Amino acid sequence: MAATFASKCSRVGRSLWGGLGNNLSGLLSASHETACNHFLSQQRTFIQMRTVLKVVDNSGAKKVMCIQALKGKKGARLGDTIIASVKEAYPNGKVKKGKVVYGVVVRAAMQRGRCDGSEVKFDDNAVVLVDKQGQPIGTRVFGPVPHELRQKKHVKILSLAGHIA
Amino acid sequence: MFGFSCESNLVLFSFCLRFSRESSEMRLDKCWFCSSTLYPGHGTQFVRNDAKIFRFCRSKCHKNFKMKRNPRKVKWTKAYRRLHGKDMTQDFAFEFERKHNRPERYDRNVTENTLKAIRTIDKVRVTREIKHIERRMTGKKAKELREAQKELEQNISLVKAPAVLREDPSLTLPIKLKVSQKQAEAHLMEE
């Protein structure tokens, strides 16, 4: 699914480029247009295998790569748990590089529907590392966190969070 | 946008269930870009990493935001209109809409009176806004007429040769009926 998506996007991008190259005169304006179009036609998708996520707690890890999305055929979304492998870590932390951990997705660039019919989306993909029972490994959480977590019973993460979106 | 359609069905279903359980507070927000009201079930919200929430009424506003356009420079937004004096800004009727974050103790009479007041205040505000726009537009017709007359006087030679006008003075202005005819003629010729 990701592969077909990527190929579709690249095809669209290339055709756009071709069309724009013909119409626009200035090189600067052309590059600006393509940047704008890239922004607008970006399709945000699920968090799946090989998705790199930012870690927003003080457990010691910095970047984590998803290796499995528990629950969900197409991938994980906001509020779901994933199994991930630590790719980048701070030198002295509870978690070292290469370790396989569980994580709860606290920010997702893909929009998620709320029960009142509206949708929320965040700026990036971020995760909070948890243990098998669902208790966070770290003691602080940075950045905003959605209140979808309350429904998923991740109350501890909500209590550690600075802002609740 | 695939997984989304199944999600929305689920959402609608669970909404009916959840609505009975949770006491959901309905709040009418404003679109960040165009300042139109956001009713429940409409729009999207984007949460930035500094925890600032941007609410949009539709994808048009959202796309403009993604293009990093400044709403104060985009002509059709309320922000532009208020900034450039096209819509009323300072009025007593707006004072009533100020949001207070302190909770009010429930009083049935207060609630009833507030609901009645909302209706009348809204009416007053709308009539005042219409008046503001009318006031802004007064004298526009007269001004247009004056400008058209002036243009005719100066540039009639583009339409009719001055030799013809000298021979037949009845063709020159300024009889009111004749002016409107000449106006139409001049416009047609110019186009």
Side-chain angles (χ1 to χ4, degrees), chain A residues 1-2 4-5 8 32-33 35-48 54 56 69 71-80 106-126 141-148 150-151 161-165, chain B residues 1-33 36-70 73-74:
Chain A
M1 187 209 85
T4 52
F5 244 113
K8 261 187 215 155
H32 178 66
E33 272 281 339
C36 281
N37 282 319
H38 174 64
F39 249 137
L40 300 180
S41 61
Q42 241 177 350
Q43 284 279 50
R44 305 292 195 169
T45 42
F46 300 85
I47 291 168
Q48 33 183 270
K54 198 160 82 166
V56 287
K71 277 203 184 258
K73 197 164 158 193
K74 296 181 198 142
R77 310 169 104 191
L78 192 62
D80 293 339
V106 294
R107 293 206 283 274
M110 179 163 129
Q111 67 269 17
R112 177 149 201 153
R114 285 247 160 110
C115 61
D116 68 346
S118 63
E119 288 167 16
V120 221
K121 58 165 108 166
F122 291 82
D123 213 357
D124 59 351
N125 298 316
V141 165
F142 305 108
V145 137
H147 52 238
E148 265 80 357
R150 194 179 293 275
Q151 236 265 313
H163 304 269
I164 302 183
Chain B
M1 302 271 236
F2 309 120
F4 184 53
S5 53
C6 3
E7 170 69 14
S8 64
N9 289 333
L10 239 175
V11 158
L12 286 170
F13 178 64
S14 59
F15 175 51
C16 310
L17 288 179
R18 233 173 275 178
F19 197 59
S20 52
R21 266 188 272 144
E22 292 176 355
S23 57
S24 41
E25 182 214 291
M26 182 177 93
R27 176 176 271 211
L28 297 179
D29 288 307
K30 295 277 178 188
C31 172
W32 186 84
F33 199 81
S36 60
T37 43
L38 248 74
Y39 284 89
H42 289 263
T44 52
Q45 46 176 296
F46 169 63
V47 184
R48 209 163 56 179
N49 280 348
D50 59 357
K52 182 150 163 66
I53 302 178
F54 297 89
R55 290 175 216 269
F56 306 105
C57 58
R58 54 202 197 280
S59 64
K60 175 181 182 181
C61 302
H62 193 11
K63 284 183 181 159
N64 273 295
F65 171 76
K66 281 198 258 190
M67 279 195 262
K68 300 194 177 174
R69 288 204 180 143
N70 188 354
K73 290 193 168 183
V74 178

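Remember, predicted model here, so these are calculated numbers, not experimental data.
- At least one side-chain heavy atom of B/Gln45 sits under 4.5 Å from a side-chain heavy atom of A/Arg114.
- Separating the NZ atom in B/Lys52 from the CG atom in A/Asp123 is a distance of 13.5 Å, to the nearest 0.5 Å.
- Applying the salt bridge (charged side-chain N to carboxylate O under 4.0 Å, His left out) rule to A/Lys121 yields no partners; only residues at least two apart in sequence or on another chain are considered.
- Here the CG atom belonging to B/Asn49 is positioned 4.5 Å from the CZ atom belonging to A/Arg107, to the nearest 0.5 angstrom.
- Closest approach of B/His42 and A/Ser118 over heavy atoms only: O-CB, 4.0 Å.
- The minimum heavy-atom distance linking B/Arg48 with A/Pro144 is given by the pair O-CG, 3.5 Å.
- Using a 4.5 Å heavy-atom threshold, the side chains of A/Val120 and B/Val47 count as touching.
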